[in-house]
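Scroll down for the structure; my scribbles are underneath it.
Residue numbers start from 1 in every chain, and the chains themselves are labelled A, B, ... in the order their sequence lines are given, proteins ahead of strands. Bear in mind the structure is a predicted one, so any value in this text is a computation, not a measurement.
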Amino acid sequence: MLDNKYNFKEKEAKWSAFWQDNGIYKYNKIASRPTYSIDTPPPTVSGELHIGHISGFTQADMMARFYRMQGKNLYFPLGFDNNGLPTELLVEKQKKIAAHTLPREEFTRIALDLVASYNQSYRDMIERAGISCDMSLGYNTIDNRSQKTSQKSFIRLAKDGIAYREDKPSPWCCKCRTSVASAELEDTELNSVFNYLNFKLVDGGTIPIATTRPEFLPACVGIFVNPEDKRYNNLVGKLVKVPLFEERVVKIYADSKVGIDKGTGIVMCCTFGDQTDVEWWKEYKLELKQAIDDGGRMTDICGKYAGMKSIDARNAVIEDLKSAGYIYKQDPIVHSVKVHERCNTPIEFLSKKQWFIRTSTPELKQIWLKQGEKLNWHPASMKARYDAWVNNLNQDWSISRQRYFGVPFPVWYCKNCGEPSFADENDLPVNPLTSIPKRACKCGCNQFEPEADVMDTWATSSVTPQINCNWAEDEAECSKRMPMDMRFAGRDIINTWCLRTIIKAYYHQGTLPWKDLFINGWVMADKGIKISKHLANSKMKLTDLLDNYGADVIRYWCANGAYGRDVMFSDEGLKDGYKLLNKLWNASKFVLSFLYDYKPNKPAKILPIDCYIMQKFNETYKKVIGQYSQVEMGYAKTEMEKFFYFFCDNYIELVKNRLYKPEIFGEEAKQSAQWACYNVLLNMLKILGITMPFVCEEIYQDYFRQFEKTESIHLTVLSPIDVDDKQNLIADGDKVVEIVSRVRAYKSENKLSLKTELDKIVICDKNVDFIKQCEMDVKAVTGAHDVEYKTGEFDVEVGKVIE
RNA sequence: GGGAGAUUAGCGCAGUUGGUAGAGUACCUGCCUUACAAGCAGAGGGUCAUAGGUUCGAGUCCUAUAUCUCCCACCA
């Protein structure tokens with residue numbers, strides 16, 4: 001017997017535990033049925049989960065449940081991305097320590113400890129949300145298997161010349177003290193001041209130059225004008241004294257990258273203020289003058305400013321420029337500045353030896369585009385973003401990070417010749433700081449310098465298919481299992497995570513990492529506003545939502561709309577899910593109360609209207625399967641829900657008298673309705689269980705399991721109802737529903753109670769045969785004592801009201 | 001500057017190959033119907049962003065424009 005009221009808190013905890021304890025979602029390694037493998041994106045351990053995270057997971061989970069119920073053997077792991085900078089910053093913040101002040105081993109120990117507790121809370125949250133992962137298939141991107149996979153990937157790429165080490169200027173975060181990839185940068189609007197300076201020409205006279213960063217003067221290595229600029233092109237080749245550093249003299253060059261109408265039309269090139277400086281420095285083989293060190297302080301070349309923070313130096317330089325009479329104008333401006341996405345610090349360009357992976361040659365870009373072509377994108381429109389990004393790729397992928405908590409590079413450099421020595425693959429994972437190469441260098445030298453950098457998070461999170469498919473241990477197994485069937489992701493990481501995973505799979509396996517890529521939309525806090533940490537901690541905090549509404553209701557909300565589109569979060573929307581849940585509970589309770597004497601044998605005679613509702617279910621079933629097959633879990637849900645309400649409001653109303661009073665309508669009529677109710681309710685529950693797994697499991701276990709035997713409703717296989725469909729009764733049945741609806745409308749318009757009895761109704765139609773067969777149900781639901789039939793155009797007349 | 005998406009009922013949305021504008025919700029009117037009043041029945045409500053074009057016919061296709069969101073590039 002179902003409880004009178006559904007207590008979601010109690011039931012959700014109960015079934016969650018049941019699924020875990022009984023391994024309901026466990027991948028079966030020896031099953032012969034086909035596997036459906038999901039490369040679950042390991043969540044980055046960097047704080048608390050919010051509705052945005054869980055929405056993407058839930059949508060993917062619905063697809064996983066769908067495939068499971070299509071008879072697939074699900075490989076649905078849950079890993080965690082907990083190495084690298086994001087996690088390191090989390091540890092620093094939570095433990096109030098600075099990584100660079102501790103020995104690496106100690107920091108790592110603290111980090112692993114903290115990560116374990118975050119993993120657990122993420123896992124709890126994902127379990128509570130009803131995500132059907134196999135928790136035993138997990139991994140951490142910092143664990144041995146992941147490190148081994150990642151290091152093996154690096155060694156292979158380095159030996160093939162695809163990964164290379166080079167000293168080139170790249171974006172640098174002075175706060176995190178590490179290089180960062182250009183994909184990790186964001187734009188921020190900042191207030192600044194345009195300082196207009198007069199630079200002195202060596203031959204006499206001055207030229208005007210505007211700059212927002214006068215502290216870079218000590219690193220000034222050239223002056224640029226546009227060759228087309230008639231005002232200045234006569235100056236090309238002349239020499240200029242650097243203000244405040246007048247012993248330094250630099251040359252004037254012509255380059256078309258200079259905007260004639262920007263600033264004064266004359267630009268100073270410093271190593272390195274921005275990307276253009278880097279390009280000029282390379283092209284004109286300029287001197288390298290580093291004014292800022294890796295911690296954001298001025299270097300020794302800056303004279304009296306050495307040791308100052310760059311922002312303090314800027315103010316000091318401006319004061320000195322003013323008093324020396326260099327500044328003739330200052331304009332406050334707001335300009336956008338590239339900042340590190342993790343800490344919002346404006347980035348600098350620093351030149352350090354770094355490892356890069358080749359990704360951006362025209363030939364390679366063609367390959368990435370071709371791989372993208374072979375991948376199934378859902379929704380298809382998302383591929384355009386990928387193509388646009390690949391076409392714009394202009395830098396190789398930098399994977400070195402001067403940090404502590406990450407996968408080490410398994411490499412040492414010869415102290416004599418500088419050649420790298422790589423660890424043996426069999427020895428991985430290797431930490432070069434605590435071990436030494438097995439062999440001497442080719443040059444005979446036995447002294448090595450270990451690589452102290454660690455790899456960027458992405459270098460490891462881009463090999464999750466290889467981690468999942470056991471590439472490090474068994475390449476043959478991996479080849480069999482790749483490409484995996486599916487990866488799901490937010491659209492913000494198409495350019496980074498997805499592309500890089502595609503690149504690695506191409507280099508290592510020569511295949512795609514996955515066959516299908518599902519790109520979910522974002523949950524917006526309000527029109528055009530992404531969920532921020534601030535909001536995530538208030539009304540969208542996941543634990544509160546789960547406490548207040550339950551997982552089924554949250555999941556219902558997650559299934560709204562077209563797949564891949566952004567959705568706005570609102571509590572309003574949660575009401576709909578609650579309504580369905582409540583109605584489902586009540587309807588099941590009601591229907592099951594008539595099934596206590598149900599016999600699991602098909603009755604000899606099934607009444608036409610009962611046959612009709614089962615045919616109608618099958619019609620909906622087909623649509624639902626179609627929607628899921630197209631990754632439209634929202635439309636599928638709506639389709640099933642519509643049928644459910646139809647079933648309640650029309651079919652149950654039509655047959656409930658038969659169920660109530662077998663002594664009047666006959667045992668045969670009751671059994672026929674029981675058969676239809678059993679089959680329709682069970683099969684609806686199976687499908688609705690994809691969206692609302694908890695309540696459907698409760699109803700299934702309470703009643704259906706005794707007949708169905710399968711351990712959990714989520715392990716049953718979806719199928720249409722086995723019903724006689726030689727004759728399609730849907731149009732005929734719909735006519736009966738229309739008759740009932742006409743009578744209800746009459747009563748409603750006349751402000752009568754729906755149970756009002758009528759002396760008769762007159763039904764007119766071209767063919768009334770089917771309707772006649774449903775007469776007892778029609779009479780019961782309309783309250784008509786008698787039914788008359790006429791032949792002609794369809795019409796329903798309502799007789800006199802019986803007081 | 002380049003690219004992607006959006007614009008339909010008060011609101012948040014659906015509308016798949018062009019063929020009479022759809023559900024939900026809110027509002028309104030009724031109904032305590034032997035599951036559910038967090039329910040049921042019924043009604044009203046839209047110049048489909050704007051302007052052109054193709055077509056017998058356009059929410060749908062084409063071209064502009066506007067507004068919003070996102071991505072990329074530039075930011076001396």
Using a cut-off of under 3.5 Å, enumerate the N/O to N/O pairs linking the protein to nucleotides 21-26 of chain B.
unit_1	atom_1	unit_2	atom_2	d
rU25(B)	OP1	Lys579(A)	NZ	2.1
rA26(B)	OP1	Lys575(A)	NZ	3.3

Same-atom distance (C1') from rA66(B) to rA9(B), integer angstrom: 23 Å
Near RNA chain B, counting only heavy atoms under 4.0 Å, which residues of residues 735-742 of chain A show up? Ser741(A)
Which whole number of Å gives the distance between the C1' atom of rU47(B) and that of rG39(B)? 38 Å
What distance, rounded to whole Å, do you find between the two P atoms, one in rC56(B) and one in rU16(B)? 23 Å
Can you classify the ring geometry of Trp280(A) versus Phe224(A) as parallel (below 30°), tilted (30 to 60°) or perpendicular (above 60°)? parallel
Whole Å only: how far is the CD1 atom of Ile519(A) from the P atom of rC71(B)? 15 Å
Under 4.0 Å between a side-chain nitrogen and a carboxylate oxygen: does that hold for Asp734(A) and Lys616(A)? yes
Residues passing the ring pair (Phe, Tyr, Trp, His ring centres under 6.0 Å) test with Phe216(A), sequence neighbours excluded, are none
Sticking with atom P, work out how far rU60(B) lies from rC74(B), rounded to a whole angstrom. 38 Å
P atoms of rU67(B) and rG53(B), separation to the nearest Å: 24 Å
Side chain of Lys365(A), backbone of Asn391(A): donor and acceptor closer than 3.5 Å? yes
How are the rings of Tyr651(A) and Phe647(A) set to each other: parallel, tilted or perpendicular (split at 30° and 60°)? parallel
Have a look at Val258(A) and say if it touches a base, only the backbone sugar-phosphate, or nothing, with a 4.0 Å heavy-atom cut-off. base
Applied to residues 212-224 of chain A, the salt bridge (Lys or Arg N to Asp or Glu O under 4.0 Å) test, sequence neighbours excluded, yields Arg213(A)-Glu215(A), Arg213(A)-Glu348(A), Glu215(A)-Arg314(A)
Partner residues of Val801(A) under the side-chain contact (heavy atoms from CB on, under 4.5 Å) criterion, sequence neighbours left out: Leu752(A), Thr756(A), Leu758(A), Glu803(A)
Base, sugar-phosphate, or nothing for Cys648(A), non-hydrogen atoms under 4.0 angstrom? base
What is the distance, to the nearest angstrom, from the CD atom on Glu632(A) to the C1' atom on rC13(B)? 13 Å
What residues, two or more places apart in sequence or in another chain, satisfy side-chain contact (heavy atoms from CB on, under 4.5 Å) together with Lys289(A)? Ala219(A), Val221(A), Arg248(A), Thr271(A), Glu287(A), Ile301(A)
Atom pair distance, as rounded to whole Å: CZ in Phe647(A) and P in rC36(B): 16 Å
Give every pair of a protein N or O atom and an N or O atom of nucleotides 31-34 of chain B that lie under 3.5 Å apart, one pair per line with the distance.
unit_1	atom_1	unit_2	atom_2	d
rU34(B)	O2'	Tyr660(A)	OH	3.4
rU34(B)	O4	Lys661(A)	NZ	3.1

Quick one: does any side-chain atom of Glu757(A) pair with a main-chain N or O of His785(A) as donor and acceptor, under 3.5 Å? no
Assuming nearest nucleotide by heavy-atom distance, tell me which of Ile266(A) and Asp649(A) is located more 5' along RNA chain B. Asp649(A)
Extract from the structure each pairing of a protein N or O with an N or O of nucleotides 4-6 of chain B at less than 3.5 Å, listing the distance.
none

Residues at least two apart in sequence or cross-chain that pass ring pair (Phe, Tyr, Trp, His ring centres under 6.0 Å) with Tyr598(A), listed by chain then number, are Tyr678(A), Phe707(A)
Please determine whether ring-ring contact (aromatic ring centres under 6.0 Å, His included) holds for the pair Trp377(A) and Tyr386(A), giving the CA-CA distance in whole Å, both sets of side-chain angles, and the decisive distance to 0.1 Å. CA-CA 10 Å; Trp377(A) 295 78; Tyr386(A) 174 86; 5.2 Å; yes
Pairs flagged by salt bridge (Lys or Arg N to Asp or Glu O under 4.0 Å) wherever residues 621-632 of chain A is involved - sequence neighbours left out: Lys623(A)-Glu639(A)
Will you find, in the side chains of Asp396(A) and Ser360(A), an N or O donor that is under 3.5 Å from an N or O acceptor? yes
Can you tell me the pairing partner of rC48(B) across any strand shown, Watson-Crick or G-U wobble, with both distances under 3.5 angstrom? none
Any donor-acceptor N/O pair, Ser588(A) side chain to Leu584(A) backbone, under 3.5 Å: yes
For atom CG of Asp387(A) and atom C1' of rG2(B), their distance in whole Å: 15 Å
Taking atom P in both rC62(B) and rU54(B), what distance in whole Å separates the two? 15 Å
Can you tell which of rG42(B), rG3(B), rC40(B) lies closest to the side chain of Ser748(A)? rG42(B)
Expressed in whole Å, how much space separates the P atoms belonging to rG15(B) and rU7(B)? 9 Å
Rounded to whole angstrom units, what separation is found between the CG atom of Leu580(A) and the P atom of rC36(B)? 18 Å
May I ask you to decide if Phe694(A)'s main-chain N or O and Asp552(A)'s side chain share a donor-acceptor pair within less than 3.5 Å? yes
Expressed as a whole number of angstroms, how long is the span from Glu186(A):CD to rA73(B):P? 12 Å
Which of residues 270-279 of chain A sit near RNA chain B, with a heavy atom under 4.0 Å from it? Asp274(A), Thr276(A)
NA contact type, Gly634(A), heavy-atom cut-off 4.0 Å: base, sugar-phosphate, or nothing? nothing
Under the ring pair (Phe, Tyr, Trp, His ring centres under 6.0 Å) test, residues paired with Tyr6(A) that sit two or more places apart: Trp585(A)
Of the candidates rC72(B), rG42(B), rC40(B), the side chain of Asn392(A) sits closest to rC72(B)
Using 4.0 Å as the upper bound for N to carboxylate O, is an ion pair formed by Asp649(A) and Lys583(A)? yes
Could you give the distance separating rA64(B) and rG46(B) at their P atoms, to the nearest angstrom? 33 Å
Trp389(A) CH2 - rC70(B) C1' separation (whole Å): 14 Å
Give the nucleotide from the list rC40(B), rC72(B), rG15(B) with an atom nearest to the side chain of Tyr635(A). rG15(B)
Would you classify Phe194(A) as touching base, sugar-phosphate or nothing, given that sugar-phosphate means primed atoms plus P, OP1 and OP2, and contacts are heavy atoms under 4.0 Å? sugar-phosphate
